[in-house]
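One structure is given here, and the rest of the page talks about it.
Computation of the quantities below employed the complete heavy-atom set of this structure, encompassing side-chain atoms and omitting hydrogens, waters and symmetry-equivalent molecules. For clarity, every value in this text was computed on a predicted model and none was experimentally measured. The residues of the chain are indexed from 1 along the displayed sequence.
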Amino acid sequence: MPQDIVVIGAGVVGISIAAELIRHGHKVRVLDRTGVAAETSQGNAGAFAFTDVMPLAAPGIMRKAPKWLLDPLGPLSIPPRYALQIAPWMLRFWRASWRDRHDASVAAQSALMDLSKAALERQIASTDGEHLIQRDGQLQLYEGEAQFRDSLPGWELRGRYGIKYALLRTPEEIAEIQPGLDRRFTHAGFTPDWINTTDPKAWTQHLAQSFQAAGGEIQQCDIKSISSTTSQVELTHAGGTITADKVVLAAGAWSHHLARTLGDRIPLETERGYNTTLPAGAFDVRTHLTFGAHGFVVSRINGGVRVGGAVELGGLKLPPNYKRAEVLLDKASRFLPGLDTSGGTQWMGYRPSIPDTLPVIGSSPRTDNVIYAFGHGHLGLTQSAATAEIVRDMIAGTKDAISLSPYRADRF
């Protein structure tokens, strides 16, 4: 039965959900405080990272964390003035790194990735979006035999979940896929099924245009609170109230603040990611490049090069520290000796992060009329199409494609 549905959030997750719901006959309106792809969805690396099933909270992470945290420009950092505020989240993160929780997270992430891969192909076909897709694979790069050996359990685990990969053991093998890398990178793992979009902002706008062409409405509106009765949901904003049969909360890093107005306390933190986008011609990037030990990636965006990554757990209010973007670009210039670093544009985005790396997808414990779809971390683009199909099925009351228990809002 068609319903009047409001989706809060016009990033790639919210727009994907809205497009899927309207395609199945619902009346759908999207509300966002800034507009389509105006926040994190516009500046990410553009990767559909279906092979990225390993959670950040991995066994042994807490042995590495102190060294990283002492380096304010390292791959994982917490600004000192934010350390006390984030302490409860870090305790949950530490517990999520234990073997029992870690293995369960990998299994749940793999199930969601399998659905995400198939759902993306359906989304591309239904929106005629192939012209915005790059199918060039990904290289994970290692400096020396020891670093490569340390990665092997992770590759074996990926293989058990059906992920295709090839292990490369010489700079010459690597150069066949990506010429121009510094020879310090002696080993690599190549995942051929990795997919990127040519531009994450353009991809989200493409989905939004498809949604609007089907009769959907997008409105700039800053929702302040959510309340629910047995039959409707009421949203308050500066100009009054909006009611709907159902509300889907997909506002990324801002979602937990709105969930709290409904009475739900969800441990979401903000991974502040930095990047620099260089113009076309900066380097001949032929595949997505991941420098895991250094916490950043290099991808091709609109013919140019985007260098970005790292994790800064710093919330929504602290000012950006663009020295982090400069450090990543400097490393990239050493790892890719022919890289032209001139003419770049710096950016920072807010990745919504849950301690166990899994998103929150499911009904609010307070009411079935509010559905949560947030907390995807750096995998929002990757898992957006699957999240849309899951929400569609929840509203239709049909059988879940995968078990939703690992993603429930009250799992903490």
For L31, does its backbone N or O pair with a side-chain atom of Q219 as donor and acceptor, under 3.5 Å?
-> no

Any pair counted as salt bridge (charged side-chain N to carboxylate O under 4.0 Å, His left out), so long as it reaches residues 351-365, sequence neighbours left out | E271-R351, D356-R411

Sequence neighbours left out, what pairs pass salt bridge (charged side-chain N to carboxylate O under 4.0 Å, His left out) with at least one residue falling in residues 35-61?
-> R33-E39

Would you tell me whether [X] and [Y] have side-chain atoms, one donor and one acceptor, within less than 3.5 Å of each other?
X    : Y    : answer
S225 : T261 : no
S77  : R324 : yes
E143 : T186 : no
S97  : H102 : no
E269 : Q85  : no

Where do Q138 and T287 land on the side-chain hydrogen bond (donor to acceptor under 3.5 Å, both in side chains) test, with the steps shown first?
-> CA-CA 5 Å; Q138 179 228 195; T287 186; over 6 Å; no

Ring-ring centroid check [X] [Y], cutoff 6.0 Å:
X    : Y    : value
H187 : Y142 : no
W254 : Y350 : yes
F374 : H256 : no

Start with the C-alpha gap between T127 and S210, add the side-chain angles, then the distance that decides, and say whether side-chain hydrogen bond (donor to acceptor under 3.5 Å, both in side chains) holds.
-> CA-CA 6 Å; T127 65; S210 175; 5.6 Å; no

Between L278 and G344, the two heavy atoms sitting closest are CD2-CA, 3.7 Å

Nearest heavy-atom pair of P406 and L358: which atoms, and what distance?
-> O-CD1, 3.8 Å

To the closest 0.5 Å, what do you measure between [atom1] ([X]) and [atom2] ([Y])?
X    : Y    : atom1 : atom2 : result
T40  : W347 : OG1   : CH2   : 5.0 Å
I133 : F48  : CD1   : CZ    : 4.5 Å
T270 : L316 : OG1   : CG    : 4.0 Å

Please name all residues satisfying side chain to side chain contact (heavy atoms under 4.5 Å, CB included) with R306, sequence neighbours left out, ordered by chain then number.
-> P200, N275, T277, S299, I301

Quick one: does [X]'s side chain get under 4.5 Å of [Y]'s, heavy atoms only?
X    : Y    : result
S364 : Y372 : yes
L262 : V370 : yes
Y274 : V327 : no
Q383 : Q109 : yes
R29  : V7   : no
V360 : I354 : yes
V13  : H376 : yes
S255 : I8   : no

Set of residues satisfying salt bridge (Lys or Arg N to Asp or Glu O under 4.0 Å) with respect to R265, sequence neighbours excluded | none

Test salt bridge (Lys or Arg N to Asp or Glu O under 4.0 Å) applied to K201 - qualifying residues, sequence neighbours left out | none

Exactly one of T198, N196, I124 clears side chain to side chain contact (heavy atoms under 4.5 Å, CB included) with W203, and that residue is I124

Apply side chain to side chain contact (heavy atoms under 4.5 Å, CB included) to I195 and Q134, showing your working.
-> CA-CA 6 Å; I195 300 172; Q134 300 172 153; over 6 Å; no

Any chance you could lay out the side-chain hydrogen bond (donor to acceptor under 3.5 Å, both in side chains) test for Q205 and Q42, step after step, and finish with the verdict?
-> CA-CA 9 Å; Q205 290 173 332; Q42 71 171 289; over 6 Å; no

Kindly determine whether I402 and I390 satisfy side chain to side chain contact (heavy atoms under 4.5 Å, CB included), including the steps that lead there.
-> CA-CA 8 Å; I402 58 175; I390 290 170; 4.2 Å; yes

Taking distance alone, no hydrogens or angles, what donor-acceptor pairs closer than 3.5 Å link side-chain atoms of residues 163-174 to residues at least two apart or in another chain?
residue, atom, partner, partner atom, Å
Y165, OH, W155, O, 3.4
T170, OG1, E173, N, 3.1
E172, OE2, R183, NH1, 3.1
E172, OE2, R183, NH2, 3.1
E173, OE1, R169, N, 2.7
E173, OE1, T170, N, 3.3

